[in-house]
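Quick caveat, the model's predicted, so the values are computed rather than measured. Values below: every heavy atom of this structure, side chains too, minus hydrogens, waters and symmetry copies.
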Amino acid sequence: MRAMKYTQLGRTGLKVSRLVLGTMNFGPQTDEADSHAIMDAALDAGINFFDTANVYGWGENKGRTESIIGNWFAKDAGRRDKVVLATKVYGNMGADGPAWPNHDKLSAVNIRRAVDASLKRLRTDHIDVYQFHHIDRNTPFEEIWQAIDVLIQQGKIIYAGSSNFPGYKIAQANEIAARRGGTIGLVSEQCLYNLAERRAEMEVIPAARDYGLGVIPWSPLHGGLLGGVLKKEVEGKRRASGRAADALADPAVRARVQSYEDLLDKHGVEPGVAALAWLLTRPGVTGPIVGPRTGEQLASAVRAAELELSQELLTGLDEIFPGPGPSPEAFAW
């Protein structure tokens, strides 16, 4: 029997799991068969919130991830109704290089084109949460919301969300939506947020909470930095790369990560599980995105939803990775 916990997505009535299945590795790092097995396991564990983006697959394979998900839906008609499906629009879907005019970003023309292409790849008639992958500095929100209203009326999408938005854009988007009427505006914000990267607490999360957006943190382990990276290096299992390697080049960061791993070793908690469980204690957080490459990684992530962190451990984590403090006092005084 699944033990997954559920919550409302922001101010909506939509119930979603406290963990979100991220699919960015499906295609580039995990083949279709293994991707399908991970989705099966996620559903069995009670995870009902799946996140993707039209550009996932990357390079010449943009759209591949959505196609893998669509093929999984097609295997069993009952799966689609169990899943809250989120995808994103913004990026250039053409070959690498400059986009053909109107083939990226958030113009009404591209939103219309992109949603139809995503629906075809996902092999579904609707997207539950359609997210703007980035701000578009050249398209007014009046135009964006007009396009979204049409899609909602057509039944192609149900809710709209944002990703990588600053706090002021969350406010601007929802104020314009309120003035126009007809749409409830943004219902979620997907942002970079984890123990090692807490700047979202300055403006993004306060704005999201005030406007009733569910916060969906991406990179909850900061590219592996919070997943026991130093211990893995010592054991020869895996060397840090990408975001984690860049961070560890700073001796001060390496020292903090060592203190973090030592603290969790003392409490007998896996680092990656603790980092996810910490996010589940944060105000405004709906659930972090976990992006497993293997079934074992998914099983580890699921344990976080069942873990209760002690106050002593939470205090220790704050001491190692202190947040900025309340806004605006953190930067104003």
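Atom CD of E32 has more than 12 neighbouring heavy atoms from other residues, nucleotides or ligands inside a 6.0 Å radius. When the shell of 6.0 Å around CD of E60 is examined, it contains 12 or fewer heavy atoms from other residues, nucleotides or ligands. Annotation for E329: atom CD counts as buried by contact number, over 12 foreign heavy atoms lying within 6.0 Å. Remark: R243 CZ is packed, more than 12 non-hydrogen atoms of other residues, nucleotides or ligands lying under 6.0 Å away. Other residues, nucleotides and ligands contribute over 12 non-hydrogen atoms within 6.0 Å of the CZ atom of R303.
Side-chain contact between E189 and Y211: absent, with no pair of heavy atoms (C-beta onward) separated by less than 4.5 Å. The shortest distance between side-chain heavy atoms of R121 and N54 falls below 4.5 Å. Side-chain contact between H133 and V89 is absent, with no heavy-atom pair separated by less than 4.5 Å. Residues R113 and V109 meet the side-chain proximity criterion, which asks for heavy atoms closer than 4.5 Å. Side chains of L248 and R254 form a contact here, defined as non-hydrogen atoms less than 4.5 Å apart.
With side-chain heavy atoms closer than 4.5 Å counting as contact, directly or through intermediates, the hydrophobic cluster containing V20 also holds L9, L14, V16, F49, V84, V129, I158, Y159, I184, V187, L192, I216, W218, I289.
Rounding to the nearest 0.5 angstrom, the gap separating the NE2 atom in H36 from the CD1 atom in I69 is 8.5 Å.
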- Message: Evaluate D318 against R198 for salt bridge (charged side-chain N to carboxylate O under 4.0 Å, His left out), listing each step before the verdict.
- Response: CA-CA 11 Å; D318 270 335; R198 296 178 61 171; 2.8 Å; yes
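For the residue pair Y56 / K88, a side-chain donor-acceptor distance below 3.5 Å is found, with atom types taken as modelled. Using a 3.5 Å distance cut-off with no hydrogens or angles, the side chains of N194 and W278 do not pair a donor with an acceptor. In this structure, a donor-acceptor pair under 3.5 Å is absent between the side chains of Q153 and D149. Side-chain contact check for Q131 and Y90: no donor-acceptor pair (N or O, by modelled atom type) lies under 3.5 Å. Using a 3.5 Å distance cut-off with no hydrogens or angles, the side chains of S118 and E66 do pair a donor with an acceptor.
Partners of D34 under the side chain to side chain contact (heavy atoms under 4.5 Å, CB included) rule, at least two apart in sequence or in another chain, are T30, D31.
By the criterion of side-chain heavy atoms lying less than 4.5 angstrom apart, applied directly or through intervening Ile, Leu, Val, Met, Phe, Trp or Tyr residues, L226 is grouped together with V273 in one hydrophobic cluster.
With a 6.0 Å cutoff to the six-membered ring centre and a 45° limit on the axis angle, R80 counts as a cation-pi contact of F73.
Without hydrogens or angle criteria, D136 side chain to K105 main chain gives no donor-acceptor distance under 3.5 Å.
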